[in-house]
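Single-structure report; data block below.
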Amino acid sequence: MAETMSEIMNPANSQHDPRFPHAPEGWSSASAEATASADDLKLEADHWELISALQAFFAADKTPNVRKLHDALDEHFHARGGIKYLYELLPGGPVAQGCRLAGLQAPAGAVDKSFGSVQ
């Protein structure tokens with residue numbers, strides 16, 4: 001079912017990836033792969049899960065607080081090691097680099113070294 005005005009007006013042009021129902025308009029898995037390649041990353045299943053989780057979080061809260069986002073990611077990946085594990089996946093920080101991969105604007109403070117970024 002069409003969710004954006006662009007999809008309603010031009011249904012044939014819709015390129016919505018069903019694996020990422022909360023993806024921002026204009027985002028594609030190919031754009032994520034290009035961003036990852038520029039960062040010398042190869043996206044695997046856990047990267048895609050992180051991208052999907054970030055997109056879902058932003059769909060529920062348009063202006064998330066960086067601390068809430070950090071804590072939500074820690075909880076979502078708790079069984080695998082939480083935030084520590086996510087830093088292994090994304091050396092540029094699970095919030096800052098993760099948002100770039102997901103096509104999202106990182107929340108204010110995301111580039112602060114203590115809040116999910118090592119940049």
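Just so it is clear, the structure is predicted and the values come from calculations on it, not from any experiment.
- Two residues are said to be in side-chain contact when any heavy atoms from C-beta on lie closer than 4.5 Å; Ser37 and Lys42 fail this criterion.
- Of all heavy-atom pairs spanning Pro91 and Leu41, the tightest one is CD-CD2, 4.1 Å.
- The minimum heavy-atom distance between Phe58 and Gln105, with the atom names listed, is CE2-O, 3.4 Å.
- Of the possible donor and acceptor atoms, none in the side chain of Ser52 sits under 3.5 Å from a partner among the backbone N and O of Glu49.
- Atoms CG and CG, from Leu73 and Leu90 in turn, are 9.5 Å apart once rounded to the nearest 0.5 Å.
- Between Trp27 and Trp48, the ring-plane angle classifies as perpendicular under the 30° and 60° cut-offs.
- Across all their heavy atoms, Ala106 and Ala96 have their closest contact at CB-CA, 4.4 Å.
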**OP:** Verify salt bridge (Lys or Arg N to Asp or Glu O under 4.0 Å) between Glu88 and Arg80, making sure each step is shown before the conclusion.
**Re:** CA-CA 11 Å; Glu88 293 172 11; Arg80 287 169 263 182; over 6 Å; no
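- Taking CD of Glu44 as the reference point, atom CG of Leu50 lies at 13.0 Å (rounded to 0.5 Å).
- Distance check: Asp46 CG to Leu86 CG gives 8.5 Å after rounding to the nearest 0.5 Å.
- Within the model, atoms CG of Asp17 and CD of Gln55 stand 9.0 Å from one another, a figure rounded to the nearest 0.5 Å.
- Closest heavy-atom contact between Gly93 and Tyr87: CA-CE2, 3.8 Å.
- Here the NE2-CD1 distance, from His70 to Ile83, works out to 4.0 Å after rounding to the nearest 0.5 Å.
- Taking all atoms of both residues into account, the shortest heavy-atom contact from Arg19 to Ser29 is NH2-OG, 3.7 Å.
- The shortest side-chain heavy-atom distance between Asp39 and Arg100 falls under the 4.5 Å cut-off.
- Of the possible donor and acceptor atoms, one in the side chain of His47 sits under 3.5 Å from a partner among the backbone N and O of Leu89.
- The pair Asp61-Lys68 meets the salt-bridge criterion, with a side-chain N (NZ, NE, NH1 or NH2) lying under 4.0 Å from an Asp/Glu carboxylate O.
- Shortest non-hydrogen contact noted between Val95 and Pro107 is CG1-CD, 4.1 Å.
- In this structure, NE2 in His76 is found 14.5 Å from CG in Asp71, a value given to the nearest 0.5 Å.
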